2 protein chains.
Amino acid sequence: MSAKQFTSVWFREPRKAASPGRSREEIVAAAIELLDQEGLDGLSMRKLGAKLGAGATSLYWYVAHKDELLELVYDEVWGEMTMPEPEEVGWRAAATALAYSMRHVMLRHPWSADLLGRLPALGPNAMRVADRMRRMFRLAGFEGMDVDYAGSTLTAYVYGKTLPEIAWNSAMADHEYDADAMRAMVARAAKDYPDMLERMNMDVYDDPRAIQAVAFDFGLVSVLDGLERRLAT
Amino acid sequence: MSAKQFTSVWFREPRKAASPGRSREEIVAAAIELLDQEGLDGLSMRKLGAKLGAGATSLYWYVAHKDELLELVYDEVWGEMTMPEPEEVGWRAAATALAYSMRHVMLRHPWSADLLGRLPALGPNAMRVADRMRRMFRLAGFEGMDVDYAGSTLTAYVYGKTLPEIAWNSAMADHEYDADAMRAMVARAAKDYPDMLERMNMDVYDDPRAIQAVAFDFGLVSVLDGLERRLAT
DNA sequence: ACCTGAACACCGTTCAAGT
DNA sequence: ACCTGAACACCGTTCAAGT
């Protein structure tokens, strides 16, 4: 119906670059600070304006709407992801390092989980990582579209695994954590499934963070093994 | 700080079950209808009340807050996921079927992507799927915590892969899709990376849905191969 | 060129009051 | 037991007006 073309912040020239007023950089930095402190719900145009000592709506001069601001902020997240040059360490070590870096950046900025996979990743930092990842998988031996497929398999795993971790962490941060109470609750939900109840006796609920770390590595190794297997055939 | 215990709709008795007034089932059904029509942003307590011919705030008698309503709705999503009995078809066929079913349910209810991984999955339908998945991976040969790890590897992949698909689809639905314009835009973003530009000539942008389907299968096979490899060692 | 304030059309949630 | 309406404290965004 709507004839609007798809667009993105990255395709609009920023308003005059430098000059007197506020800059995009300043706004983005303040936004990230607010996000780290208060989460995604804590970022409102009004609060951000106030933080910058500006009127509630003055940000609309720099940014067409809130989503553009989020696109900007989102690319900063990509900027924090680090990864060795695949040519130097080999593809598998590079892939492992990238996966861990993605996970740590997400855990450090829990709000980023709500942006990942939802916003177009067309900023310069996202591009840099995407390029490195492509080179990594070509080095491994993938060709044509398989390079893309391998890349999205890896990122899908990392993302899909880390997001629930973040949700769990934040639910736990908002509440008093009590391993036994938790166990009792889950046991109640699982009461009809003897096979699930067996899990209750394990130490899953005593040190959830440690378990999460082991689980992440287990899956990562599996995914990389699976990709490696495709190269062999 | 807050001493509140973690809780969930599933741990509060529903208000008197049957009886005259509205029922949870009725409310949940209306909520899903609204969600399918207007997406997550389209679901407000006021609109849902109106749809049920009730005052804006009468829903608060059935549900403590909006998140509880979402937990209820979320479990319906799990209820739509189908999966053969692993004992009958073998673990790998069952895992493949489950993965595809998850993907299809998510694509059918795009709003569910915002709930998956974010809300605790403690409802009866979620439990049923979780139990079947556990039995599936035990049948495969996993033991102890590895059963969990294998399960969360699979769901992480499906979820992490499908969510960006949904975001892409909805961005495209809101805009006029033009393969060449899209190509030009991405090319511009990738201008510094010759390796990425090479991709532009492929047919990625001509039939995105078909490519997504192939990509999903590629990754799924890889993940299952990787899990299978762990069993061998 | 940059910023402001008022205004519009929304939210979720609480709560005293009604039947 | 169930539902209502008014009220509170918020949202994103538009826009005419100011400097």
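Basis for what follows: all heavy atoms, side chains included, without hydrogens, waters or symmetry-related copies. Here is how names work: the chains are called A, B, and so on, in the same order as the sequence lines, proteins then strands, and each is numbered from 1. Because the structure is predicted, anything quoted here is derived from the model rather than measured.
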A.B. asks: Looking at every strand, decide which applies to B:Leu52 at a 4.0 Å heavy-atom threshold: base, sugar-phosphate, or nothing.
C.D. replies: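 Here B:Leu52 touches no strand at all.
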A.B. asks: Ring-plane angle category for A:Tyr74 and A:Trp78, please: parallel below 30°, perpendicular beyond 60°, tilted otherwise.
C.D. replies: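 If you compare the ring of A:Tyr74 with that of A:Trp78, the planes turn out perpendicular.
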A.B. asks: Would you please confirm or rule out a distance under 4.0 Å between OP1 or OP2 of C:dC3 and any side-chain N or O of A:Tyr62?
C.D. replies: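 Result: yes.
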A.B. asks: Should A:Ser58 be listed as having a side-chain N or O under 4.0 Å from OP1 or OP2 of C:dC2?
C.D. replies: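 Checking C:dC2 against A:Ser58, no side-chain N or O comes under 4.0 Å of OP1 or OP2.
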A.B. asks: Counting only Watson-Crick pairs (N1-N3 plus N6-O4 or O6-N4) and G-U wobbles (N1-O2, O6-N3), all under 3.5 Å, who is the partner of C:dA1?
C.D. replies: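 Answer to the pairing question: D:dT19, which forms a Watson-Crick or G-U pair with C:dA1.
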A.B. asks: What is the distance, rounded to the nearest whole Å, between atom NZ of A:Lys66 and atom P of D:dC11?
C.D. replies: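 Distance check: A:Lys66 NZ to D:dC11 P gives 8 Å.
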A.B. asks: Strictly by modelled atom types, are B:Asp36 and B:Trp111 linked by a side-chain donor-acceptor pair under 3.5 Å?
C.D. replies: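 A pair is found: one side chain offers a donor N or O, the other an acceptor, under 3.5 Å apart.
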A.B. asks: Write down the distance between NE2 (B:His65) and P (C:dT14), rounded to a whole number of angstrom.
C.D. replies: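 Atom NE2 in B:His65 sits about 9 Å away from atom P in C:dT14.
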A.B. asks: Answer yes or no: is there a side-chain heavy-atom contact under 4.5 Å between B:Met185 and A:Leu122?
C.D. replies: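 Side chain of B:Met185 against side chain of A:Leu122, heavy atoms only: no contact under 4.5 Å found.
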A.B. asks: Calculate the interatomic distance between A:Met45 atom CE and C:dC8 atom P; express it in whole Å.
C.D. replies: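 About 21 Å, once rounded to whole Å.
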A.B. asks: Tell me, do A:Arg183 and A:Asp206 make a side-chain contact under 4.5 Å, heavy atoms counted?
C.D. replies: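 They are in side-chain contact.
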A.B. asks: Answer with base, sugar-phosphate or nothing: what part of the nucleic acid does B:Ala54 contact at a heavy-atom distance below 4.0 Å?
C.D. replies: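 Sugar-phosphate only.
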A.B. asks: Check the distance between D:dC8's P and B:Tyr60's OH and give it to me in whole angstrom.
C.D. replies: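 Those two atoms, OH and P, are 17 Å apart.
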A.B. asks: Watson-Crick or G-U wobble partner for D:dT13, using a 3.5 Å limit on both distances?
C.D. replies: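 With both distances under 3.5 Å, D:dT13 matches C:dA7.
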A.B. asks: Just compare C:dC2, C:dC3, C:dG12 and give me whichever is closest to any side-chain atom of A:Trp61.
C.D. replies: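 That would be C:dC2.
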A.B. asks: Does the plane of the ring in A:His175 sit parallel, tilted or perpendicular to the ring in B:Phe6? Use 30° and 60° as the thresholds.
C.D. replies: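 Answer is perpendicular, since the angle exceeds 60°.
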A.B. asks: For D:dC2 and C:dA16, measure between their C1' atoms and round to the nearest Å.
C.D. replies: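 Rounded to whole Å, the distance is 15 Å.
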A.B. asks: What distance, rounded to whole Å, do you find between the two P atoms, one in D:dA9 and one in C:dA9?
C.D. replies: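 Here D:dA9 and C:dA9 have their P atoms 22 Å from each other.
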A.B. asks: With side-chain contact (heavy atoms from CB on, under 4.5 Å) as the test, would you mind laying out the steps for A:Ser101 and A:Met83 before giving the verdict?
C.D. replies: CA-CA 7 Å; A:Ser101 179; A:Met83 173 188 180; over 6 Å; no
A.B. asks: Taking the side chain from A:Lys66 and the backbone from A:Leu43, do they hold a donor-acceptor pair closer than 3.5 Å?
C.D. replies: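 Yes, A:Lys66 side chain to A:Leu43 backbone: donor-acceptor pair under 3.5 Å.
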A.B. asks: Roughly how many Å is it from CZ in A:Arg46 to P in C:dA7, rounded to a whole number?
C.D. replies: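 Taking CZ of A:Arg46 and P of C:dA7, I get 13 Å after rounding.
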A.B. asks: Given the side-chain rings of B:Phe216 and B:Tyr100, with only the six-membered ring counted for Trp, is the space between their centroids under 6.0 Å?
C.D. replies: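 Judged by ring-centre distance (under 6.0 Å), B:Phe216 and B:Tyr100 do meet the cut-off.
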A.B. asks: I need the CG-P distance between B:Asp67 and C:dC11, as an integer number of Å.
C.D. replies: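 In whole Å, C:dC11 P and B:Asp67 CG are 17 Å from each other.
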A.B. asks: Looking only at N and O atoms, is any donor in the side chain of B:Thr57 or the base of D:dG5 less than 3.5 Å from an acceptor on the other one?
C.D. replies: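 In this structure, the two groups form a donor-acceptor pair.
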A.B. asks: Counting any heavy atom closer than 4.0 Å, what does A:Leu43 reach on the DNA or RNA strands: base, sugar-phosphate only, or nothing?
C.D. replies: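 Answer is sugar-phosphate: A:Leu43 comes under 4.0 Å of backbone atoms only.
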A.B. asks: Please list, by residue number, the residues of residues 68-75 of chain B whose heavy atoms come closer than 4.0 Å to an atom of DNA chain C; answer none if no residue qualifies.
C.D. replies: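 Contacts with DNA chain C under 4.0 Å: none.
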A.B. asks: If I take atom CG in residue B:Leu40 and atom C1' in nucleotide D:dC11, what distance separates them, rounded to the nearest angstrom?
C.D. replies: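 That distance rounds to 16 Å.
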A.B. asks: Round to the nearest Å and state the distance from A:Leu59 atom CG to C:dT4 atom P.
C.D. replies: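 Taking CG of A:Leu59 and P of C:dT4, I get 9 Å after rounding.
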